Amino acid sequence: GMWQKELGIKVEIDSTTFKDRLQRTDEGDFQIVMSGWGPDYNDPMSFMDMWITDGDFNQGGYSNPEYDELIAKAKASPDNDERMDLMAEAEKILIEDMAIGPIYFRNVDYVKNDKLEGEVRRAFAPDPDFYWATIEGGVVNINIGTEPPDMDPQTTTDTVSFQLIGHTFEGLTRLDKDGKAMPGIAKDWDISEDGLTWTFNLRDDAVWSNGDPVTAHDFEYAWKRALDPELASQYAFIVYDHIENGLEYYSGEAKEDVVGVKALDDTTLEVKLVNPAPYFDTLVAFGTFMPLNEKYHESVGDKYAADADKMLYNGPFVMSTWDHDSKVVLEKNPDYWNADEIKLETINCAMIKDSNSALNKFLTGELDMVGIPGTQREQVQKEGYELLHYADGSSWYFLFNLEDEILANANIRKALTNAIDRKTFVEKVVQNDSDVGLGFVPPVMPGKSGSYREEVGDLFKDNDINAAKEYLEKGIEELGLNK
C-alpha cells in the first residue's frame with residue numbers, strides 16, 4: 001500500500017506457507033520477500049557475515065568485494081573495538097547498496113502466571129530459559145506451538161527443537177541471565193595470547209542420563225560429526241567458520257584428523273580457531289556444539305533423536321515423554337551436576353498452533369506462560385494481566401532479488417526502502433512495541449561497550465518520501481523505462 005500510494009508502484013502480494021516461502025527464497029523464485037534473521041551467538045558478526053559473496057544465507061545474490069574484505073578483516077582482528085569499527089563500516093556499505101530494506105527489530109509480548117518467577121527471556125536458546133525459575137508446586141506448563149522437527153543437535157535448524165535441546169543438553173558453557181558465558185560442562189577455560197587456541201577444562205562430575213561420564217571425546221565426536229560432509233548439516237557453517245580446517249574437512253579437501261578440535265584426555269578439550277573470536281565462549285553454548293556419546297549414538301543408529309528414549313541427556317532436564325504432535329514432558333535430571341540449583345521438577349510442553357486457543361488455556365490456568373500477538377494485546381490488558389515484553393533479537397527486512405532486472409538497480413531498491421513508513425507498520429501491522437529498523441544489526445547485539453546499534457546509529461531516515469521519489473526517478477532513467 002505504501003509503495004502504490006507514495007510511488008505509484010503496483011504491488012501484488014503472494015501469501016504462502018512458511019515452508020513454501022523458505023523453498024522459494026532458496027530457489028530464487030521471488031522479487032521481494034519479507035525475511036527475518038535472529039542471532040546464533042551474541043555478536044554482530046552473526047548478522048554481518050550473512051551478506052558475504054556466496055554466503056550460505058545470502059539468498060538475494062548480493063556481492064561487494066569491499067564488504068567482503070571488511071568482514072574478513074573483522075573476523076581476523078583480535079581487537080574488539082577494531083572489529084566493531086570494521087563491521088560498522090561494512091553495514092554502511094550494505095545499506096548504501098541497499099541489498100536489503102530494513103523494517104523493524106522485533107519485540108515479543110507475553111503474559112505469565114504471577115507465581116512463576118526467575119524465567120529468563122532473551123534472543124538465544126533456550127528461550128524461555130527455566131534454569132533459575134521457580135513456581136509453586138514445581139510444575140510449569142508452556143506452549144511450544146508445534147512438534148519439534150529435529151531433536152538431533154548437530155542437524156537441527158528450528159527454534160522449537162533448539163529450545164528443547166537447550167533444556168536437556170549442556171555444552172561446554174551455557175548463557176547466564178545477562179547472555180554472557182558461564183561454566184557448563186567446562187568448569188573453566190584458557191585462551192592463548194593470540195586468541196587462536198582455547199583449552200576447555202571439563203568437570204569430572206558431569207554424566208549422561210545412562211550414567212556414562214561426559215568427556216572431552218563426546219565434544220570432539222559431536223563437532224566433527226557436524227562437519228561430516230555425509231551428514232550435510234545446514235549448521236555446519238557455524239562450526240567450520242570458526243574451527244581450524246573445519247571447512248577443508250566439510251569440503252572433502254582434508255581428513256577428519258586435521259580438524260582443530262581434540263580431546264587431549266577425558267577432561268581436556270583443545271580447540272584451534274581459524275581467526276580470533278572473542279565471543280567463542282558464548283558460541284559453544286549454541287545447540288550445534290552440544291556433545292554426543294559416540295558409543296550410544298552408534299548403538300541406536302539412524303533412530304537417534306527420533307523419540308525420547310532414543311537420546312541421552314546431560315542437561316538440567318531430561319525428556320521423559322514425547323507424544324508426537326501432542327506434547328513433550330521434561331523432568332528434572334537428578335544426575336545433572338548442578339541439580340541442587342534447579343528448582344523446577346517438570347516442564348509440560350503443549351503443542352498448540354492457534355494463538356487464540358493458547359490464550360484461552362492460559363486464561364483458564366492450563367498454561368503458565370503464553371506469547372501474545374498484537375491482536376490480543378487489548379484483550380489481555382482488559383483481563384487485568386501485566387503485559388511483559390522482551391527483544392527477541394530478530395531483524396526483519398525486505399530481501400531483494402538482485403538477479404531481477406528491475407531490482408538489480410540500486411536506486412529502485414533505495415526508492416522502495418525509503419518509502420516504507422516503519423512507524424505505521426509497527427503500530428498497525430505488528431501491533432506491539434517493536435522498534436523501527438534503520439539499520440540491519442538489532443539493538444540487543446553488543447558493541448564496543450554498549451549496544452552496537454546505539455553506537456553506530458541510524459543509517460537512513462524512516463519514510464523519506466522525497467528521497468524515495470528522487471531515487472525512483474534516477475532508477476527509471478537508468479533502466480530506460482517509461483514509468
Side-chain angles (χ1 to χ4, degrees), residues 38-50 52 71-84 86-87 122-125 153-154 162 165-166 169-176 178-203 216 218-227 233 235-250 259-264 267-291 393 441 444-448 452:
D40 294 321
Y41 50 93
N42 196 20
D43 190 86
M45 188 60 78
S46 187
F47 289 84
M48 295 304 295
D49 72 352
M50 281 181 72
I52 58 173
I71 295 302
K73 282 182 180 175
K75 285 181 175 179
S77 173
D79 181 86
N80 193 57
D81 285 4
E82 182 183 38
R83 292 174 65 251
M84 294 300 160
L86 289 162
M87 284 190 278
R122 56 168 167 235
F124 312 96
Q154 273 73 58
F162 275 133
I165 286 166
F169 286 80
E170 182 164 272
L172 295 166
T173 64
R174 58 185 311 117
L175 300 181
D176 68 12
D178 299 316
K180 294 183 169 58
M182 63 183 260
I185 301 301
K187 58 185 179 179
D188 55 48
W189 49 95
D190 303 301
I191 310 165
S192 63
E193 202 171 320
D194 62 6
L196 293 175
T197 302
W198 291 58
T199 306
F200 293 90
N201 304 303
L202 278 60
R203 59 184 75 253
D218 298 328
F219 287 93
E220 179 182 351
Y221 176 69
W223 295 12
K224 286 180 174 177
R225 177 174 176 259
L227 292 169
S233 168
Y235 262 101
F237 77 91
I238 207 169
V239 185
Y240 68 59
D241 271 359
H242 295 89
I243 308 297
E244 184 181 77
N245 292 320
L247 179 58
E248 288 78 2
Y249 172 49
Y250 178 75
V259 175
V261 54
K262 187 173 179 59
L264 302 183
T267 58
T268 313
L269 187 75
E270 182 184 77
V271 183
K272 292 187 179 295
L273 304 185
V274 181
N275 291 304
Y279 53 83
F280 192 66
D281 53 357
T282 62
L283 179 66
V284 294
F286 186 71
T288 311
F289 291 91
M290 295 301 108
V441 177
V444 297
M445 288 291 100
K448 293 178 181 178
Y452 170 93

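These numbers come from a predicted model, not from an experiment.
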Qualifying residues under side-chain hydrogen bond (donor to acceptor under 3.5 Å, both in side chains), relative to Ser77, sequence neighbours excluded | Glu82

Is a donor on one side and an acceptor on the other found under 3.5 Å between the side chain of Asp43 and the backbone of Met45?
-> yes

Just jot down the ring-ring contact (aromatic ring centres under 6.0 Å, His included) partners of Phe237, sequence neighbours excluded, or say none.
-> Phe57, Tyr235

Heavy-atom closest contact (Ile191 atom, Gly195 atom, distance) | CG2-CA, 3.9 Å

For the residue pair Trp198 and Phe200, does the interplanar ring angle fall in the parallel (under 30°), tilted (30 to 60°) or perpendicular (over 60°) class?
-> parallel

Does the side chain of Val239 come within less than 4.5 Å of Asp241's, by heavy atoms?
-> no

If every non-hydrogen atom of Ala236 is compared with every non-hydrogen atom of Ala226, which pair is closest and at what distance?
-> CB-O, 3.4 Å

Report yes or no: does Asp176 contribute a side-chain atom to a donor-acceptor pair with the main-chain N or O of Gly179 at less than 3.5 Å?
-> yes

Side chains of Ile185 and Phe219: does their closest heavy-atom pair fall under 4.5 Å?
-> yes

Is there a donor-acceptor pair under 3.5 Å between the side chain of Glu220 and the backbone N or O of Ala263?
-> yes

CD-CG distance between Glu270 and Leu264, expressed to the nearest 0.5 angstrom = 5.0 Å

Answer yes or no: is there a side-chain heavy-atom contact under 4.5 Å between Met182 and Thr173?
-> no

Taking the side chain as every heavy atom from C-beta outward, state whether Asp194 and Pro276 have any pair of such atoms under 4.5 Å apart.
-> no

Between Gly246 and Tyr240, what is the shortest heavy-atom contact and its length?
-> C-CB, 3.4 Å

Please set out all donor-acceptor pairs under 3.5 angstrom arising from side-chain atoms of residues 279-291, sequence neighbours excluded.
{"from": "Tyr279", "atom 1": "OH", "to": "His242", "atom 2": "NE2", "distance (Å)": "2.8"}
{"from": "Thr282", "atom 1": "OG1", "to": "Tyr279", "atom 2": "O", "distance (Å)": "2.8"}

Would you say Ser233's side chain and Gln154's backbone share a donor-acceptor pair under 3.5 angstrom?
-> yes

First locate atom CZ of Arg203, then atom NZ of Lys187, and finally report the distance between them rounded to the nearest 0.5 Å.
-> 8.0 Å

Non-hydrogen side-chain atoms of Val271 and Ile243 separated by less than 4.5 Å | yes

Go through the structure and list residues passing side-chain hydrogen bond (donor to acceptor under 3.5 Å, both in side chains) with Asn80, not counting sequence neighbours.
-> Arg83

Minimal heavy-atom distance between Tyr452 and Pro446, with the atoms involved, is CB-O, 3.6 Å

Any residue meeting side chain to side chain contact (heavy atoms under 4.5 Å, CB included) with Pro39, in chain and number order, not counting sequence neighbours = Ser46, Phe47, Ala123, Phe124, Met445

Side chains of Thr197 and Asp190: does their closest heavy-atom pair fall under 4.5 Å?
-> no

Checking side-chain contact (heavy atoms from CB on, under 4.5 Å) against Leu202, which of Asp218, Leu172, Thr268 comes through?
-> Leu172

Apply the test side chain to side chain contact (heavy atoms under 4.5 Å, CB included) to residues Leu175 and Arg122: give CA-CA distance (whole Å), side-chain angles for both, the deciding distance (0.1 Å), then the verdict.
-> CA-CA 10 Å; Leu175 300 181; Arg122 56 168 167 235; 3.9 Å; yes

What pair of heavy atoms forms the shortest contact from Met87 to Ala74, and how long is it?
-> CG-CB, 4.0 Å

Output every pair passing salt bridge (Lys or Arg N to Asp or Glu O under 4.0 Å) with a member in residues 71-81, not counting sequence neighbours, ordered by first then second residue.
-> Asp49-Lys75, Glu69-Lys73

